Amino acid sequence: MNTRRVILDELRVQASIGMLDHERRASQPLAIRAEFDTDASHPVDDADIGSVLDYRLLRAALVEEATRAHTDLLETLVDRTLDRILRDFPDVLGVKIRICKPAAFDDCTVCVEQSRRR
């Protein structure tokens, strides 16, 4: 199968995430990378956004999942986001989500990455 990958990289959001008391009191930055595989065997119509995967809608879904409610674990947020993408975007054949907490430590960024296919 001929596939096309759409990548959203370094999407930055403020989110309520974490189990520690200080994480529950204030939002913190997240950085999101998401890769979406689609079927590229259909022709692209340059005048019709409907002929491709609309990355504006993908971005909106990522932001909404990250910011809609407090989440304790990055793993939970990644899993919930994968579920949302595969549920709401039937043209996505496979998705990989990486969500990072750049402020978790002074000396490194913490990331969780997971992928899923139909």
Side-chain angles (χ1 to χ4, degrees):
M1 175 185 284
N2 185 13
T3 59
R4 176 178 299 110
R5 181 166 290 162
V6 175
I7 301 169
L8 297 180
D9 199 11
E10 298 183 33
L11 175 61
R12 293 168 301 282
V13 298
Q14 284 291 124
S16 178
I17 189 163
M19 298 183 79
L20 303 176
D21 287 338
H22 73 275
E23 292 176 311
R24 290 179 182 277
R25 287 192 300 269
S27 64
Q28 60 183 301
L30 295 179
I32 302 171
R33 177 182 173 92
E35 301 179 13
F36 311 92
D37 292 337
T38 63
D39 182 356
S41 62
H42 306 292
V44 172
D45 179 349
D46 192 51
D48 179 13
I49 190 71
S51 69
V52 296
L53 191 57
D54 188 340
Y55 50 79
R56 297 170 302 176
L57 301 176
L58 294 167
R59 180 192 167 281
L62 294 172
V63 170
E64 185 177 308
E65 283 305 312
T67 61
R68 72 180 170 100
H70 178 84
T71 305
D72 284 338
L73 299 173
L74 274 175
E75 291 85 352
T76 302
L77 181 55
V78 170
D79 196 51
R80 190 174 72 212
T81 304
L82 288 167
D83 287 344
R84 165 85 180 266
I85 296 300
L86 290 175
R87 180 187 71 235
D88 291 357
F89 297 89
D91 291 338
V92 172
L93 303 174
V95 58
K96 183 191 309 185
I97 304 287
R98 173 185 223 164
I99 303 179
C100 300
K101 290 171 70 174
F105 297 106
D106 292 337
D107 59 353
C108 69
T109 296
V110 175
C111 300
V112 171
E113 181 177 278
Q114 186 174 335
S115 59
R116 206 176 284 163
R117 297 197 68 76
R118 288 196 191 279

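As the structure is a prediction and not an experimental result, all values here were calculated from the model.
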Over all heavy atoms of both residues, which pair between [X] and [Y] is shortest? Give the atoms and the distance, please.
| X | Y | answer |
| --- | --- | --- |
| Pro102 | Leu30 | CD-CA, 4.2 Å |
| Arg24 | Met19 | NE-O, 3.4 Å |
| Glu65 | Arg80 | O-NH2, 2.7 Å |
| His70 | Ser16 | ND1-OG, 2.5 Å |
| Ala40 | Thr3 | CB-C, 3.6 Å |

* To do: Check each of Val44, Asp39, Leu93, Leu53 against Arg4 using the side chain to side chain contact (heavy atoms under 4.5 Å, CB included) test, and report the only one that passes.
  =>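 With Arg4 as partner, side chain to side chain contact (heavy atoms under 4.5 Å, CB included) holds for just one option, Val44.
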* Candidate list Asp79, Leu73, Asp72, Thr71, test side chain to side chain contact (heavy atoms under 4.5 Å, CB included), partner Glu75, passing option ->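 The option that passes is Leu73.
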* **Greater than 12 external heavy atoms within 6.0 Å of Asp46's CG** =>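 No, the 6.0 Å shell around CG holds no more than 12 heavy atoms from other groups.
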* **Basic-acidic side-chain contact under 4.0 Å: Arg87, Asp83** =>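 Asp83 and Arg87: not salt-bridged.
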* Flag the pair Leu8 / Phe36 as yes when at least one side-chain heavy-atom distance between them is below 4.5 Å, and no otherwise. =>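 Leu8 reaches Phe36 side chain to side chain.
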* **Val112 side chain near Ile99 side chain, heavy-atom distance below 4.5 Å** =>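 Val112 vs Ile99: side chains apart.
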How many angstroms lie between [atom1] in [X] and [atom2] in [Y], if you round to the nearest 0.5 Å?
| X | Y | atom1 | atom2 | answer |
| --- | --- | --- | --- | --- |
| Ser27 | Ile17 | OG | CD1 | 11.5 Å |
| Arg98 | Thr81 | CZ | OG1 | 15.0 Å |
| Cys100 | Leu11 | SG | CG | 11.5 Å |
| Glu23 | Lys101 | CD | NZ | 3.5 Å |
| Arg116 | Ile85 | CZ | CD1 | 11.0 Å |
| Leu77 | Ile97 | CG | CD1 | 9.0 Å |

* Asked: What pairs of residues pass the side chain to side chain donor-acceptor pair (under 3.5 Å) test when at least one of them lies in residues 48-60, not counting sequence neighbours?
  ->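 Of all non-adjacent pairs touching residues 48-60, those that pass side chain to side chain donor-acceptor pair (under 3.5 Å) are Asp54-Arg56.
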* Nonpolar side-chain network containing Leu20, other nodes, edges under 4.5 Å ->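 Once heavy-atom contacts under 4.5 Å are chained together, Leu20 still belongs with nothing else.
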* Asked: Quick one: salt bridge (Lys or Arg N to Asp or Glu O under 4.0 Å) pairs with a partner in residues 6-15, sequence neighbours left out?
  ->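 For residues 6-15: Asp9-Arg33.
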* For Arg118 and Val92, indicate whether the former's side chain and the latter's backbone hold a donor-acceptor pair under 3.5 Å. =>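 Looks like yes, one N/O pair under 3.5 Å.
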* Do Leu58 and Ile49 share a hydrophobic cluster (ILVMFWY, side-chain heavy atoms under 4.5 Å, transitive)? ->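 No, Leu58 and Ile49 fall in different hydrophobic clusters.
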* Asked: Would a hydrophobic clustering, with Ile, Leu, Val, Met, Phe, Trp and Tyr connected at side-chain separations under 4.5 Å, put Val52 with Phe89?
  ->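 No; Phe89 is not reachable from Val52 via cluster members.
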